[in-house]
Number of protein chains: 2
Amino acid sequence: MTSGRIMQGVDSRMLPFRKSLKPMVVYLGCPVRSSLDVLGKKWTMLILYTMGFMNVNRFNQMRTYIPEVTPSVLAKRLKQLERAGYVKRISRNSRRRPIWALTEKGKDTVPIIARLIAHSSKWRADELFEDRVPKEIWQIFPKQTIGGDFEIRVT
Amino acid sequence: MTSGRIMQGVDSRMLPFRKSLKPMVVYLGCPVRSSLDVLGKKWTMLILYTMGFMNVNRFNQMRTYIPEVTPSVLAKRLKQLERAGYVKRISRNSRRRPIWALTEKGKDTVPIIARLIAHSSKWRADELFEDRVPKEIWQIFPKQTIGGDFEIRVT
DNA sequence: CTGCATCCGATCGGATACTG
DNA sequence: CAGTATCCGATCGGATGCAG
């Protein structure tokens, strides 16, 4: 899947930046592709968003936050996310309903999603804010950090 | 599309973080969804990646970087990206081949993609690096900034 | 040779119904 | 509540054609 030969990833020679990053690492495959094969699927980012930002951890709770996703698709996505190591299914005993929790890898998608939110807040303010005024990332995450169980810089 | 009632976006009451961000903005719709309806489509992120990181600006040049995308799909994606304001098609005169360039909005996807790359570099090091050692974002973008035509902080 | 448009089959997502 | 199973429609990829 990751066509290593052609997509050499970020190589300083190929960067469009005048100040290219000299000690830039060399990739065997494409780093964008390798994340996107799982995160790029429909609804996955939204699912991780409900878990990471909205503290949602149960199946039908996710469905109320993302009404358009059908049970079958949600179940499939959660399985894929579990296999890929982003979430884990926790069922204390078979009587209690299972809960879904982010793994460390899953928590590390928060900065990506934060950047997505920042992008929307800047470029789609007319539909997202009542005052229709674009917001910068430091206005959305004022402390430059969002933390709790985990601490992540989002600047 | 943006179900504003249920998906209230980031509201401090609903955040899972102990230190929730007090003056957090209130969203009318879902900020993740609003970006994803265009950026979430297959190949779009890769296309923006080739343009923003690899300095690719012509049609078939993109095809060599993303061999799996067919001409028809690539053309469709570029049109969608153009309509959404991420790229612009520049044809100086009808003799020269047109080039595709990122708009300001398109350049502002670089931090998102940089975060994706950081994520891959941390969690899929075994397939991305010869030494198989996970790398942190400051090792990938050492100067904390990537700039050129545009300057963006990615910490 | 580049930049598409068109058609067609395969895959994936959506709707609905159903079960423990 | 937490999913499965099935069926169907939308989307995507592949092949081909074609104009500048």
Side-chain angles (χ1 to χ4, degrees), chain A residues 1-3 6-7 30 32-33 36-48 50-51 54-84 86-102, chain B residues 1-3 6-7 32-33 36-48 50-51 54-84 86-101:
Chain A
M1 306 307 166
T2 59
S3 63
I6 297 181
M7 280 295 262
C30 175
V32 177
R33 205 177 289 237
L36 247 48
D37 63 351
V38 46
L39 296 180
K41 289 195 161 298
K42 203 165 183 179
W43 305 122
T44 33
M45 283 291 202
L46 251 340
I47 293 167
L48 293 171
T50 64
M51 298 178 72
M54 317 290 273
N55 215 17
V56 167
N57 57 10
R58 292 220 317 278
F59 189 89
N60 278 356
Q61 203 180 357
M62 294 176 195
R63 293 192 60 203
T64 65
Y65 277 85
I66 317 169
E68 308 96 311
V69 75
T70 56
S72 55
V73 172
L74 179 56
K76 190 185 296 182
R77 287 289 170 276
L78 285 172
K79 281 217 171 90
Q80 292 169 336
L81 284 170
E82 190 180 24
R83 261 185 298 138
Y86 285 92
V87 304
K88 52 178 178 289
R89 181 198 159 109
I90 303 170
S91 56
R92 308 201 173 278
N93 58 61
S94 53
R95 195 120 308 268
R96 278 255 165 279
R97 322 225 166 281
I99 64 169
W100 294 88
L102 292 176
Chain B
M1 316 311 163
T2 59
S3 64
I6 297 181
M7 282 294 262
V32 178
R33 207 176 289 239
L36 247 48
D37 64 351
V38 47
L39 296 180
K41 287 197 163 298
K42 205 166 183 177
W43 305 121
T44 34
M45 282 293 200
L46 253 339
I47 293 167
L48 293 170
T50 64
M51 298 179 73
M54 317 291 273
N55 216 18
V56 167
N57 58 11
R58 291 219 318 278
F59 190 87
N60 277 354
Q61 203 180 0
M62 295 176 196
R63 292 191 63 203
T64 65
Y65 277 85
I66 318 170
E68 308 95 312
V69 75
T70 55
S72 54
V73 172
L74 179 56
K76 189 186 295 182
R77 287 289 170 277
L78 284 172
K79 281 218 171 88
Q80 292 168 337
L81 284 169
E82 189 179 26
R83 262 185 297 140
Y86 286 92
V87 304
K88 51 178 179 289
R89 181 196 160 110
I90 303 169
S91 56
R92 310 204 172 276
N93 59 62
S94 52
R95 195 121 313 265
R96 277 254 167 277
R97 321 214 171 288
I99 63 170
W100 294 89

Looking only at the side chain of [X] (C-beta and beyond, no hydrogens), which of the listed nucleotides [options] gets closest?
X	options	result
B/V73	D/dC1, D/dG13, C/dG13	D/dG13
A/T70	C/dG14, D/dC1, C/dT2	C/dG14
B/K42	C/dT2, D/dA2, D/dG13	D/dG13

**Message:** Under 4.0 Å, counting only non-hydrogen atoms across every strand here, what does A/R77 touch: a base, just sugar-phosphate, or nothing?
**Reply:** sugar-phosphate
**Asked** Within the structure shown, what part of the strands sits under 4.0 Å from A/R63 by heavy-atom distance: base, sugar-phosphate, or nothing?
**Response** nothing
Write down the atom of [X], the atom of [Y], and the distance for their closest heavy-atom approach.
X	Y	result
B/I47	B/T50	O-OG1, 2.7 Å
A/R89	A/P98	NH2-CG, 3.5 Å
A/W100	A/F59	CD1-N, 4.4 Å
B/V69	B/L74	CG2-N, 3.9 Å
A/P67	B/R33	CD-NH2, 4.5 Å

[N] [atom2] sits how many Å from [X] [atom1], rounded?
X	N	atom1	atom2	value
A/K41	D/dT11	NZ	P	16 Å
A/L74	D/dG3	CG	P	8 Å
B/L78	C/dT2	CG	P	15 Å
A/Q80	C/dC12	CD	P	9 Å
B/L46	D/dG13	CG	C1'	15 Å
A/F59	D/dA2	CZ	P	8 Å
A/I66	D/dG3	CD1	P	14 Å
A/N60	D/dC1	CG	P	6 Å

Identify each atom pair where a protein N or O and an N or O of nucleotides 5-8 of chain C are less than 3.5 Å apart, giving names and distance.
unit_1	atom_1	unit_2	atom_2	d
C/dA5	OP1	B/K79	NZ	3.1
C/dA5	OP2	B/K79	NZ	3.2
C/dT6	O4	B/S72	OG	3.4

Look at the side-chain N and O atoms of [X] and state whether any lies under 4.0 Å from the OP1 or OP2 oxygen of [N].
X	N	result
B/W43	D/dC12	no
A/R58	D/dC1	no
B/R89	C/dC4	yes

**Request:** Working to the nearest 0.5 Å, report the span between CD of A/Q61 and CD1 of A/I66.
**Result:**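 Those atoms lie 11.0 Å apart.
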**Message:** Pairing donors with acceptors under 3.5 angstrom, does anything connect the side chains of B/Q80 and B/R77?
**Reply:** yes
